[in-house]
2 protein chains.
Amino acid sequence: MASQTEENYLKSLFNLANEKGEVNISELASQMQVSMPTVNSMVKTLQKNGWLIYEKYKPVTLTPEGKKDAALVIRKHRLTEMFLVNKMGFGWEEVHEIAEQVEHIHAPKFFERMDEMMGYPTIDPHGSPIPDKLGRIQEINYLSLSDCKAGQLVKLAGLTNSSTEFLEFLNGRNLSLGIELTIRSKEAYDQSIVVSYLNHNSETLSEKVCEKLLVKVVE
Amino acid sequence: MASQTEENYLKSLFNLANEKGEVNISELASQMQVSMPTVNSMVKTLQKNGWLIYEKYKPVTLTPEGKKDAALVIRKHRLTEMFLVNKMGFGWEEVHEIAEQVEHIHAPKFFERMDEMMGYPTIDPHGSPIPDKLGRIQEINYLSLSDCKAGQLVKLAGLTNSSTEFLEFLNGRNLSLGIELTIRSKEAYDQSIVVSYLNHNSETLSEKVCEKLLVKVVE
DNA sequence: CTATATTGTTAGATTAATCTAACAAAATTG
DNA sequence: CAATTTTGTTAGATTAATCTAACAATATAG
Ligand SMILES: [Mn+2]
Ligand SMILES: [Mn+2]
Ligand SMILES: [Mn+2]
Ligand SMILES: [Mn+2]
């Protein structure tokens, strides 16, 4: 069974793996906030336990088993976040740190019961997909708001970044998942976008913000 | 901040402390299921951190700080057990192992929210008191069923042992907290007691069982 | 009160997870 | 392509939590 530390490495590896599925030691070190020698010794351990493939001076790759176990930790994390928001009344900006701890609890029934109580949700409070019990993750292809055109009506569906600061920024403008945004205009100079929604008639969103907002086109 | 290991030692120390408040190294070792040298080195650490008083070859004593922090871990444990039973639908025999892990989560809001959702309960699912936010524990003086007399009407209020096996034994006889038991008779030879309750007309409970059942006398 | 048993301590080793310093390989750049 | 920068590895140390073996102090029991 994976230790808390190993579970955290698996999650980082899973999240860093791009199309090629490869992760560099230095990326992993910076993601995990540890030194490269620490990662070097940990990848050897993870390999010994069958979670990844490691060859000297090469980027590492998760094995199928590694991917599955990583996805199951992510599942625990996201189910927890959803439970904290939907069943315990927390704000979406408060749950990540708690989930970061709860995800390491070894008690399948605990998470199954959460899942059941919530009616088997497929996305977490930040719009990220919740892997299923077998560790399969449903790929969703949202569009970034920064790729939308003036005149479009879109629905806010996800975020590419869920930092507390960004979530609080969104709270401050009453922006939450599910809200429909009408794109009033787009400024060619700085790529900022003016949107209207709810009682907000013309809210200007910078490019930095727009590229972090994932939307579904409504019309 | 106490590590998970330290929190577990504090809890054991708190639970082992008798009237004199003293705990022997050997008791603690057997309670924690570790060797005496391990306890010896851990009590030095706990002392260094201000949680207990240790002198060579003497039993150890928790400091006020140690007692408080121990009670706060017990609080997290018992709030969790109550939450799992009352809000998540677990049986009282299923919750201890999960709470043993959840009690180590460092997130005051998480436990405060549980507390609030449950309306600030004062006892856990096994009838043990839940310490308050300051670590104060309310002393309850229940009577053991083995000290009751034939003819008495009593209400089941607590347990001196909450092992899964005992809880399953009680489940098998529909015995749960709050049930009123009429004491039909007491056998002088083996101290067994015959009780009636609900649709159970005459259930015989051995002395071993009776001494683990805590009751309040109704009449 | 002495012998024996129990309890507690010390010494030294182990494992997991981390670090820094030094060095080596690979990648980048002029 | 050679020099430099970046990335990765090795060596060796540290800390927390544990162990076994050996020994020492205290308690118990004839
Ligand atoms: Mn999160
Ligand atoms: Mn975590
Ligand atoms: Mn318990
Ligand atoms: Mn515990």
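In the text below, chain A, chain B and the rest are named by the order of the sequence lines, each starting its count at 1.
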Counting only side-chain N and O atoms of A:Lys44, is one of them less than 4.0 Å from OP1 or OP2 of D:dT10?
yes

Is A:Ser3 close enough to C:dA17 that one of its side-chain N or O atoms is under 4.0 Å from OP1 or OP2 there?
yes

Distance check needed: C:dT15 P versus A:Lys48 NZ, whole Å only.
10 Å

I need the CG-C1' distance between B:Leu28 and C:dG8, as an integer number of Å.
13 Å

With no hydrogens and no angle check, is any side-chain donor or acceptor of B:Glu187 less than 3.5 Å from a backbone partner on B:Tyr189?
yes

Taking only the side-chain nitrogens and oxygens of B:Tyr9, find out if one of them lies under 4.0 Å from OP1 or OP2 of D:dT18.
yes

Side-chain contact check for B:Val34: nearest option of C:dA17, D:dC19, D:dA11 is D:dC19

Whole angstrom value for the distance that separates P of D:dA27 from CD of B:Glu22
11 Å

Measuring to OP1 and OP2 of C:dG8, would you say a side-chain N or O of B:Ser26 lies under 4.0 angstrom away?
yes

Presence of salt bridge, A:Glu116 and A:Arg113, under 4.0 angstrom
yes

For the residue pair B:Ser26 / B:Asn24, report whether a side-chain donor-acceptor contact shorter than 3.5 Å exists.
no

Students often get this wrong, so: under 4.0 angstrom with heavy atoms, is A:Thr5 touching a base, only sugar-phosphate, or nothing?
sugar-phosphate

Integer-rounded Å distance: C:dT20 P and A:Met36 CE
12 Å

d(CG, B:Asn49; P, D:dA16) in whole Å
9 Å

Once you round it to whole Å, what is the distance between P of C:dA17 and CD of B:Gln4?
13 Å

Picking from D:dT18, C:dT9, C:dT18, the nucleotide nearest the side-chain atoms of A:Met42 would be C:dT18

For residues 28-38 of chain A, please give each side-chain donor-acceptor pair under 3.5 Å, one per line with the distance, not counting sequence neighbours.
| from | atom 1 | to | atom 2 | distance (Å) |
| --- | --- | --- | --- | --- |
| A:Ser35 | OG | A:Thr38 | N | 3.4 |
| A:Ser35 | OG | A:Thr38 | OG1 | 2.9 |

Judged by atom type as modelled, is there a donor-acceptor pair below 3.5 Å linking the side chain of B:Gln101 to the main-chain atoms of A:His106?
yes

Taking the side chain from A:Thr80 and the backbone from A:Glu103, do they hold a donor-acceptor pair closer than 3.5 Å?
no

Please list, for nucleotides 23-27 of chain C, all pairs of protein and nucleotide N/O atoms separated by less than 3.5 Å.
none

Using a cut-off of less than 4.0 Å, is there contact between a side-chain N or O of A:Thr38 and OP1 or OP2 of C:dA17?
no

In terms of the angle between their ring planes, are B:His126 and B:Trp92 parallel, tilted or perpendicular, with boundaries placed at 30° and 60°?
parallel

Using whole Å, what does the distance between atom P of nucleotide D:dA16 and atom CD of B:Glu7 come to?
16 Å

Taking only side-chain nitrogens and oxygens of B:Asn40, does any of them come within less than 4.0 Å of OP1 or OP2 of C:dG8?
no

Rounded interatomic separation in angstrom, taking OH from A:Tyr54 and C1' from D:dG8:
7 Å

